[in-house]
There are 2 protein chains.
Amino acid sequence: MPERSYHHGNLRTVLLDEAERALIETGVQDLSLRALARDAGVSHGAPRRHFPDRAALLEALAVRGFENLAARLTEALDGARGGFEPQLRAIAHAYVAFAIGRMPLVELMFASKHREGTDATLAAAHAAYAVPFAAISAARRRGELLGTDEQAAGRLAFATLHGLAVLLNTGMIADSDVAATVDTAVDGLLTGLAAHPGRAVGA
Amino acid sequence: MPERSYHHGNLRTVLLDEAERALIETGVQDLSLRALARDAGVSHGAPRRHFPDRAALLEALAVRGFENLAARLTEALDGARGGFEPQLRAIAHAYVAFAIGRMPLVELMFASKHREGTDATLAAAHAAYAVPFAAISAARRRGELLGTDEQAAGRLAFATLHGLAVLLNTGMIADSDVAATVDTAVDGLLTGLAAHPGRAVGA
DNA sequence: CCCCTATGTTGTCAATGACTACATCGGTCC
DNA sequence: GGACCGATGTAGTCATTGACAACATAGGGG
C-alpha cells in the first residue's frame, strides 16, 4: 500500500465520518481531535485546517445529523400509504429508529443553546421538521386533523417523538418492544388522553 | 476571615452545589474538577475523596436533579385544584419551567446510556416519574382517562413534556410565550391530533 | 490517650486543545 | 513550463486537565 501523499485529498469528510462513528460508539466526552487525526493518518494539527476548533467539528456533525434525519423521514413518508395515521406511524418509527441507533449524535443535535454558533444547526433542524410538518399540513387540508393549528400539532408530534426516543434510549422506558411502544404512543397522540376532552388544538 | 481548617467539613455538598451552578451556566464540557476544587478553596486532589472520578460527580448531579424534579412536580400537583386536566397542566408547566431553567443539567439527567453506572440515576428518575404517574392513575380511577393503559398514558405525557422542553430550549420551537406553548401542547395531549381517531391507548 | 479512618495536600504523568512557525503541494496565470 | 499563491499539511510548544500515588492532618471512637 503506497504511503499517503502529503495532501490527504478528502480529509474533512473522513474526519466527519470517523467522528460520527466514534461519537455514536463512545460518546461526545471521548471524542478527540487528536485521536481522529491519528485514525485518519495525519498529524494532530491537520484537523484545524478544516475545523477551527473542536466545537466547529461538533457543529458540523449536528448539521449532518439533521440532514440525514430529513432524508430518513422523507423516505418513510414516501413509503407510507393512506392518510394521516399511517403517515404519522411511518414518521414515528423512522424517527425513533434513527434516534435510538445514534443517540449520542442525537443528543449533540439537540444539545443546549449554550453551545456557540448553532445557526447552521437550527436551519438544518427546521429543514428536517419541514418533512413531518408538510404531512400534517396535508392532513389538515384533507380534514383529518382535529383543530386548525397545524404548527402546534406539528410541534406536539415532534416533541413527543423526540421525548419518546430519549426515554427509550436511557432505559427510563423499560420496554423491550420498541415498535409496540411507538405504536402505542402514536395511538395516544391521535386519540388524546382525556376521556372527556375540552378544547382541541386551535379550536 | 479565618483561614479554612484542614478539614473542609462540607466539601461534597459544596462541590455538588458549585458543580450544578457551573454546569447550568457554561455546560458539561467546561465542567472541571480542578476548577471546582479551586472555587471551593481546596487542592486539586480533594474532590477525589468524595467522587472517585469526574463521571461519578456527574452521576451524583443527575441523581440530585431527579430528586429536585420530583419535589417540583409534587409541589405543582399539591397546588392543583380539580381533576386530571388542571393536574396535567400544573405538571406540564412545572416540568418545562424546571427543564428550561437548567437545561444542561437536564441534558445530563437524560444523557445516553453510554454513560457508565447509571443505576442510581434510573432509580431517581423512576421516583420522579412516580409523581405524575400517580396523578394519571387517580385520573383513570375517576374515569377521566381515555382507555385503560395508564402506564402508556404516563409515558406519553412525560415523553411529550420532555420533548417540548428540549425543543423550546434549543430554539427549535421559536415561541416566546412558553406558558401558552405548554398549554397548547397539553390541549393536544388531552384531545389528540386526529379528527377521526381509531383506537385509544389500551382500548 | 491512642489508633484508625476520613479527608486533605503535593507531586507526577499522559493526554488533550489551541496555537505558532514552517513545509509541501495543487492549481492558476503568464 | 515555470513561478507564485493559497490550501493543506507537519512539528513543536504551552497550559490545563484527569487520574493516580505517596504523604500529612485531623476527627471520632474505643
Side-chain angles (χ1 to χ4, degrees), chain A residues 1-23 25-62 104 108 111-112 114-118, chain B residues 1-23 25-62 104 108 111-112 114-118:
Chain A
M1 168 83 66
E3 198 166 327
R4 204 210 78 226
S5 72
Y6 186 92
H7 272 237
H8 183 284
N10 195 32
L11 185 57
R12 185 176 195 279
T13 300
V14 167
L15 288 174
L16 280 173
D17 288 346
E18 188 57 26
E20 183 167 321
R21 191 201 62 75
L23 172 64
E25 183 176 321
T26 61
V28 69
Q29 294 281 314
D30 288 346
L31 194 67
S32 143
L33 287 175
R34 287 200 184 213
L36 293 175
R38 279 197 300 274
D39 289 343
V42 293
S43 67
H44 60 273
R48 298 191 82 248
R49 288 298 178 184
H50 302 277
F51 307 98
D53 54 22
R54 183 175 183 270
L57 173 72
L58 296 182
E59 179 71 11
L61 283 178
L108 177 69
S112 170
H114 279 80
R115 258 194 317 113
E116 299 299 313
T118 52
Chain B
M1 168 81 68
E3 199 165 325
R4 204 210 79 225
S5 72
Y6 188 94
H7 271 238
H8 184 283
N10 195 31
L11 186 56
R12 185 176 196 278
T13 299
V14 168
L15 288 174
L16 282 172
D17 288 345
E18 188 57 26
E20 183 168 321
R21 191 198 62 75
L23 172 65
E25 183 175 323
T26 61
V28 69
Q29 295 283 314
D30 290 344
L31 194 67
S32 141
L33 287 176
R34 288 202 182 211
L36 293 175
R38 279 196 299 274
D39 289 341
V42 293
S43 66
H44 61 270
R48 300 194 80 249
R49 288 299 177 183
H50 302 275
F51 306 99
D53 53 21
R54 183 175 184 270
L57 172 73
L58 296 181
E59 178 72 11
L61 282 178
L108 178 69
S112 172
H114 279 81
R115 253 192 323 111
E116 299 298 314
T118 53

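What you see is a predicted model, and the numbers here were worked out from it, not measured in a lab. So you know, we letter chains A, B, ... as the sequences are listed, proteins then strands, and number each from 1.
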query = Among all residues two or more places apart in sequence or in another chain, which pass the side-chain contact (heavy atoms from CB on, under 4.5 Å) test with B/Ala40?
reply = B/Leu11, B/Val14, B/Leu15, B/Val42
inquiry  = Tell me every residue that passes side chain to side chain donor-acceptor pair (under 3.5 Å) with B/Arg34, counting only those two or more places apart in sequence or in another chain.
reply    = none
key: From CA spacing to verdict: side-chain contact (heavy atoms from CB on, under 4.5 Å), A/Asp30, A/Glu25   = CA-CA 10 Å; A/Asp30 288 346; A/Glu25 183 176 321; over 6 Å; no
remark   = Counting primed atoms, P, OP1 and OP2 as sugar-phosphate and everything else as base, the B/S/- map of nucleotides 17-26 of chain C against protein heavy atoms under 4.0 Å is BBB--BBBB-
message = Just to verify, what does B/Asp17 make a salt bridge (Lys or Arg N to Asp or Glu O under 4.0 Å) with, not counting sequence neighbours?
response = B/Arg64
ask   = Under a 4.5 Å cut-off applied to non-hydrogen side-chain atoms, are A/Phe51 and A/Arg12 in contact?
value = yes
query = Is the backbone N or O of B/Asn10 less than 3.5 Å from a side-chain atom of B/His8, with the two atoms forming a donor-acceptor pair by type?
reply = yes
task = Could you tell me which residues satisfy side-chain contact (heavy atoms from CB on, under 4.5 Å) with B/Leu61, sequence neighbours excluded, listed by chain and number?
result = B/Leu16, B/Ala19, B/Glu20, B/Leu23, B/Leu31, B/Leu58, B/Leu105, B/Leu108
inquiry  = Going by side-chain contact (heavy atoms from CB on, under 4.5 Å), name the residues that satisfy it together with B/Asp53, two or more places apart in sequence or in a different chain.
reply    = B/Ala55, B/Ala56
inquiry  = At a heavy-atom distance below 4.0 Å, what parts of residues 11-20 of chain B sit against DNA chain D?
reply    = none
task = Keeping to residues at least two apart or across chains, list the side chain to side chain donor-acceptor pair (under 3.5 Å) pairs with something in residues 37-51 of chain A.
result = none
request  = With a 4.0 angstrom cut-off to heavy atoms of chain B, pull out the first and last contacting nucleotide of DNA chain D, in 5'-to-3' order.
outcome  = D/dT17 to D/dA26
query = For B/Gly41, does its backbone N or O pair with a side-chain atom of B/Arg4 as donor and acceptor, under 3.5 Å?
reply = yes
